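Notes for the one structure printed next.
This structure is a prediction, so every number in the text was calculated from the model and none was measured.
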Amino acid sequence: MSTTATGRCLCGAVTLELTLNNAKVGACHCNMCRTWGGGPLLALESVEAMTLHGEKHVATYASSEWAERGFCSRCGTHLFYRLKEGGHIAVPVGLIDDGRAWAFESEIFIDEKPAFYDFANPTHKMTGAEVFAAFSQQT
């Protein structure tokens, strides 16, 4: 069952409307995500559709051959991470305005996680190799 959620950047120039297929949150510990945001990316991985308003303020950065990261060009808020092919979109959970009870269930690139932090709740953990193997099976 799909639900909708809305969010916005810090300055309000960009708003998002999301269709989600669940309320699950995942953490990415890869070096790029940690460099991008200063810590692990806590994101909604169940985005079926995303509509952006204020697209003239959305800038993207091709962070790899297969993915890009979007941000507000006015205030710098991180808006999304998406694969260039396949339609996968991850949206930082902190952007969403509705305060629902999210379920933190997974961590990826656990092999790149620094030793100075750990999350207390149990999650499904995958290494980078396991993530790439799972995505290659989907294509």
Fill in: Minimal non-hydrogen separation, A101 against A23, with atom names
O-CB, 4.3 Å
Worksheet item: Linking Ile, Leu, Val, Met, Phe, Trp and Tyr through side-chain heavy atoms less than 4.5 Å apart, which residues share a cluster with V91?
Response: V14, L16, L18, L20, V25, L42, L44, V47, M50, L52, V58, L79, F80, I89, V93, L95, I96, W102, F104, F116, Y117, F119
Item to complete: Please report the shortest heavy-atom distance between C75 and L10, naming the atom on each side.
Response: SG-N, 3.7 Å
Worksheet item: What pairs with A43 under side-chain contact (heavy atoms from CB on, under 4.5 Å), at least two apart in sequence or on another chain?
Response: L41, E45, A90
Worksheet item: Taking only residues two or more places apart in sequence, or in another chain, which ones meet A49 in a side-chain contact (heavy atoms from CB on, under 4.5 Å)?
Response: T19
Discussion item. Once ring-ring contact (aromatic ring centres under 6.0 Å, His included) is applied, do any residues pair with H53, and if so which ones, sequence neighbours excluded?
Written reply: none
Fill in: Set of residues satisfying side-chain contact (heavy atoms from CB on, under 4.5 Å) with respect to T127, sequence neighbours excluded
I110, D111, A129, E130
Discussion item. Would R69 and T60 count as a side-chain contact (heavy atoms from CB on, under 4.5 Å) here? Give the steps.
Written reply: CA-CA 5 Å; R69 297 165 190 268; T60 57; over 6 Å; no
Worksheet entry | Non-neighbouring partners of R82 that pass salt bridge (Lys or Arg N to Asp or Glu O under 4.0 Å), sequence neighbours left out | E68
Worksheet item: Could you walk me through whether T123 and E105 pass the side-chain hydrogen bond (donor to acceptor under 3.5 Å, both in side chains) check?
Response: CA-CA 5 Å; T123 59; E105 294 195 351; over 6 Å; no
Worksheet item: Quick one: side-chain contact (heavy atoms from CB on, under 4.5 Å) partners of Y61, sequence neighbours excluded?
Response: S63, F71
Discussion item. Using the ring-ring contact (aromatic ring centres under 6.0 Å, His included) criterion, which residues pair with H57? Sequence neighbours excluded.
Written reply: none
Fill in: Gap between atom CZ of R74 and atom SG of C11 - 0.5 Å precision
4.5 Å
Worksheet item: How far apart are the closest heavy atoms of C28 and F109, and which atoms are they?
Response: SG-CD1, 3.8 Å
Item to complete: List in chain and number order the residues that pass ring-ring contact (aromatic ring centres under 6.0 Å, His included) with W66, two or more places apart in sequence or in another chain; answer none if no residue qualifies.
Response: F132
Discussion item. Could you go through E48 and S2, starting from their C-alpha distance and side-chain angles, then the distance that decides it, and tell me whether this counts as side-chain contact (heavy atoms from CB on, under 4.5 Å)?
Written reply: CA-CA 8 Å; E48 291 180 356; S2 294; 2.8 Å; yes
Worksheet item: Which residues pass the side chain to side chain donor-acceptor pair (under 3.5 Å) test with D118, sequence neighbours left out?
Response: K113
Discussion item. Please determine whether residues M32 and M126 belong to a single hydrophobic cluster, defined as Ile, Leu, Val, Met, Phe, Trp and Tyr linked transitively by side-chain heavy-atom distances below 4.5 Å.
Written reply: no
Item to complete: Quick one: list whatever passes salt bridge (Lys or Arg N to Asp or Glu O under 4.0 Å) with K84, sequence neighbours left out.
Response: none
Worksheet entry | Pairing residues for E112 by the salt bridge (Lys or Arg N to Asp or Glu O under 4.0 Å) criterion, not counting sequence neighbours | none
Item to complete: Would you check if the side chain of H78 reaches a backbone N or O of W36 as a donor-acceptor pair within less than 3.5 Å?
Response: yes
Worksheet item: So how far is it from C72 SG to R8 CZ, rounded to the nearest 0.5 Å?
Response: 10.0 Å
